[in-house]
Peer 1: 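Sending over a structure as structure tokens; questions will come in a sec.
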Amino acid sequence: MKKILVLTDFSDNAMQAAEAAVTIAGKLHANIILFNTYVSEPIMSEYSGTPWPVEQLMWADQGKEKLKYLKEDLQELARQLPAGDHRPSIDDRHDMGSLGSQVKDLLQLEDIEMIIMGARSGKAWEHLLLGSDTSAVMEHTDRPVLIIPPGRPLKGLHKVTLATDFDRPDQKAVHYLTRIGRVFGFSLEIVHVSLWGKKPLNEHLKTSFKNHVAKYHFPAITYQEVAGKELIKRLNHLCAANSSDVLVLVHDRHNWLNRLFKQNQAQTLLDNQDLPVLIIPAAIADE
């Protein structure tokens with residue numbers, strides 16, 4: 001059975017992310033791996049004549065205890081899921097090491113459907129591009145990563161907005177969204193974004209992209225266009241206007257998103273973003 005990997009640092013926002021995972025797992029018929037990792041530089045002391053990382057042991061014990069209580073809370077939420085939803089089992093794991101390497105190992109060992117994590121601070125856009133935790137995860141995953149920003153829990157999935165420049169890898173992202181969209185019953189708005197100063201996309205390429213998406217036979221798809229200097233601000237306004245629950249971005253080192261954030265106004269445009277963000281790797285694993 002597929003698993004949802006929930007990364008937690010035991011913060012309030014991480015708890016919101018874990019709660020969202022229970023709901024999503026119930027719909028996707030997946031189980032949950034609740035995972036905490038840490039890297040320490042412990043104070044060494046003598047114990048039985050041998051140097052021993054006392055501080056490391058203390059952090060390990062505290063982490064295991066917090067995982068135990070968080071697991072119990074999530075199990076109670078799972079019992080309250082609507083009739084017909086899957087009641088996910090919850091496997092709690094705690095280990096020492098870098099987040100990126102731990103996620104890489106788990107992806108090789110487990111059938112992971114999705115990774116869910118809370119943004120430690122700042123907006124979800126900022127966490128995506130500047131947060132070391134997210135960067136570490138994205139470097140090692142071919143699975144979607146859902147980031148829950150502070151103070152914005154995921155309460156439902158009724159409308160999803162995908163920002164795309166109609167690049168070919170984005171077609172796989174649309175395919176993934178239509179697959180889970182049939183389960184959740186959400187509508188999908190595909191927003192074509194155009195960077196300021198860039199040559200407009202050829203109409204033939206737009207038509208080709210839409211024709212390819214039509215092959216997925218997903219009825220609830222609409223299209224919009226967003227362009228201009230304040231691209232993210234315009235995109236945020238659109239998401240607010242269409243009552244979107246999640247903004248979806250495709251992660252690629254060469255796509256429009258990375259080019260956009262090389263511009264000087266990027267930090268200013270981050271300020272109003274507070275939607276949960278689903279990041280889909282361009283090299284998402286085939287189903």
Side-chain angles (χ1 to χ4, degrees), residues 13 16-17 20-21 23-24 114-131 133-135 137-138 141 143-167 169-181 184-195 213 218 220-228 230-252 255-261 266-282 284:
N13 194 48
Q16 289 184 164
T23 301
I24 293 172
M114 180 186 298
I115 300 171
I116 300 180
M117 61 192 297
R120 286 189 175 181
S121 63
K123 305 297 182 181
W125 276 96
E126 183 176 4
H127 191 73
L128 165 60
L129 292 152
L130 306 177
D133 287 347
T134 308
S135 298
V137 172
M138 292 308 304
T141 183
R143 306 308 306 157
V145 179
L146 178 63
I147 301 175
I148 308 295
R152 187 63 188 260
L154 183 65
K155 297 181 179 180
L157 267 178
H158 308 289
K159 182 66 172 282
V160 171
T161 297
L162 167 67
T164 172
D165 59 358
F166 285 179
D167 196 12
D170 295 7
Q171 294 173 0
K172 294 181 71 175
V174 176
H175 188 209
Y176 177 82
L177 291 171
T178 58
R179 181 175 70 81
I180 66 171
F184 286 95
F186 61 67
S187 60
L188 174 62
E189 185 152 275
I190 299 177
V191 181
H192 177 242
V193 294
S194 300
L195 291 178
V213 169
F218 188 75
I221 291 183
T222 56
Y223 288 89
Q224 288 280 1
E225 298 270 346
V226 171
E230 297 183 331
L231 184 57
I232 296 178
K233 187 175 181 179
R234 292 172 184 267
L235 186 58
N236 289 339
H237 287 166
L238 177 62
C239 288
N242 69 16
S243 300
S244 186
D245 297 298
V246 172
L247 175 62
V248 183
L249 307 169
V250 177
H251 180 263
D252 190 311
N255 72 352
W256 68 272
L257 184 63
N258 286 276
R259 295 196 299 271
L260 174 66
F261 274 79
Q267 188 61 47
T268 302
L269 301 180
L270 291 170
D271 293 340
N272 296 321
Q273 177 59 37
D274 60 358
L275 271 182
V277 173
L278 179 66
I279 310 165
I280 299 181
I284 183 172

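From a predicted model like this one, the values you see are computed outputs, not experimental measurements. All values below come from the heavy atoms of this structure, side chains included, with hydrogens, waters and symmetry mates left out.
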Peer 1: Contact between Val213 and Thr178 at the side-chain level, heavy atoms closer than 4.5 Å - yes or no?
Peer 2: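 No, their side chains stay 4.5 Å or more apart.
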Peer 1: Is the shortest side-chain heavy-atom distance between Val248 and Leu188 below 4.5 Å?
Peer 2: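 A side-chain contact under 4.5 Å is absent here.
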Peer 1: Donor-acceptor pair, distance only, cut-off 3.5 Å: does the side chain of Asp245 make one with the backbone of Lys155?
Peer 2: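 The answer is no, because no donor-acceptor pair under 3.5 Å joins these two groups.
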Peer 1: With rounding to the nearest 0.5 angstrom, report the CZ to CZ distance, Arg179 to Phe218.
Peer 2: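 Answer rounded to 0.5 Å: 12.0 Å.
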Peer 1: Which heavy atom of Ala17 sits nearest a heavy atom of Met117, and at what distance?
Peer 2: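 Heavy-atom minimum between the residues: CB-C, 3.7 Å.
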Peer 1: How close do Leu235 and Ala163 get, heavy atom to heavy atom, and via which atoms?
Peer 2: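 Smallest interatomic distance, heavy atoms only, reads CD2-CB, 3.7 Å.
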Peer 1: As an exercise, state the distance from CE of Met114 to CD1 of Ile280, rounded to the nearest 0.5 Å.
Peer 2: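 Here the interatomic distance stands at 8.0 Å.
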Peer 1: What's the shortest heavy-atom distance between Phe186 and Leu177, and which atoms?
Peer 2: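 The answer is CZ-O, 3.4 Å.
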Peer 1: Identify the two heavy atoms, one from Ala173 and one from Val250, that lie closest to each other, and give their separation to 0.1 Å.
Peer 2: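 Closest heavy-atom pair between Ala173 and Val250: CB-CG2, 3.7 Å.
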Peer 1: Just how far is it from atom CG of Leu154 to atom CG of Leu275, taken to the nearest 0.5 Å?
Peer 2: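 Here the rounded value is 10.0 Å.
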Peer 1: Please report the shortest heavy-atom distance between Pro276 and Leu146, naming the atom on each side.
Peer 2: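 Smallest heavy-atom distance, with atoms named: CB-CD1, 4.4 Å.
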Peer 1: Determine whether Asn242 and Gln224 make a side-chain contact, defined as any pair of heavy atoms from C-beta on separated by less than 4.5 Å.
Peer 2: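 In short, these two side chains do not touch, never coming nearer than 4.5 Å.
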Peer 1: As an exercise, state the distance from CG of Leu278 to CG of Leu162, rounded to the nearest 0.5 Å.
Peer 2: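 Leu278 atom CG to Leu162 atom CG measures 9.5 Å (nearest 0.5 Å).
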Peer 1: Nearest 0.5 Å please: distance from the NZ atom of Lys159 over to the OG atom of Ser187.
Peer 2: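 Reported value, rounded in 0.5 Å steps: 4.5 Å.
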Peer 1: If I compare all heavy atoms of Ile190 with all of Phe166, which pair ends up nearest, and what's the gap?
Peer 2: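 Scanning both residues completely, I find the closest heavy atoms to be CG2-CE2, 3.9 Å.
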Peer 1: Rounded to the nearest 0.5 Å, what separates atom CZ in Arg143 from atom OH in Tyr176?
Peer 2: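 Going from CZ on Arg143 over to OH on Tyr176, the span is 6.0 Å.
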Peer 1: Looking at residues at least two apart in the chain, or sitting in another chain, which of them share a side-chain contact (heavy atoms from CB on, under 4.5 Å) with Gln171?
Peer 2: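 In terms of side-chain contact (heavy atoms from CB on, under 4.5 Å), with neighbours along the sequence ignored, Gln171 is linked to Arg168, Phe209, His212, Tyr216.
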Peer 1: Does some side-chain heavy atom of Val191 sit less than 4.5 Å from a side-chain heavy atom of Leu238?
Peer 2: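 Side chain of Leu238 against side chain of Val191, heavy atoms only: contact under 4.5 Å found.
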Peer 1: Sequence neighbours left out, what passes side chain to side chain donor-acceptor pair (under 3.5 Å) with Glu225? Give chain and number order.
Peer 2: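 Residues passing side chain to side chain donor-acceptor pair (under 3.5 Å) with Glu225: His192, Lys206.
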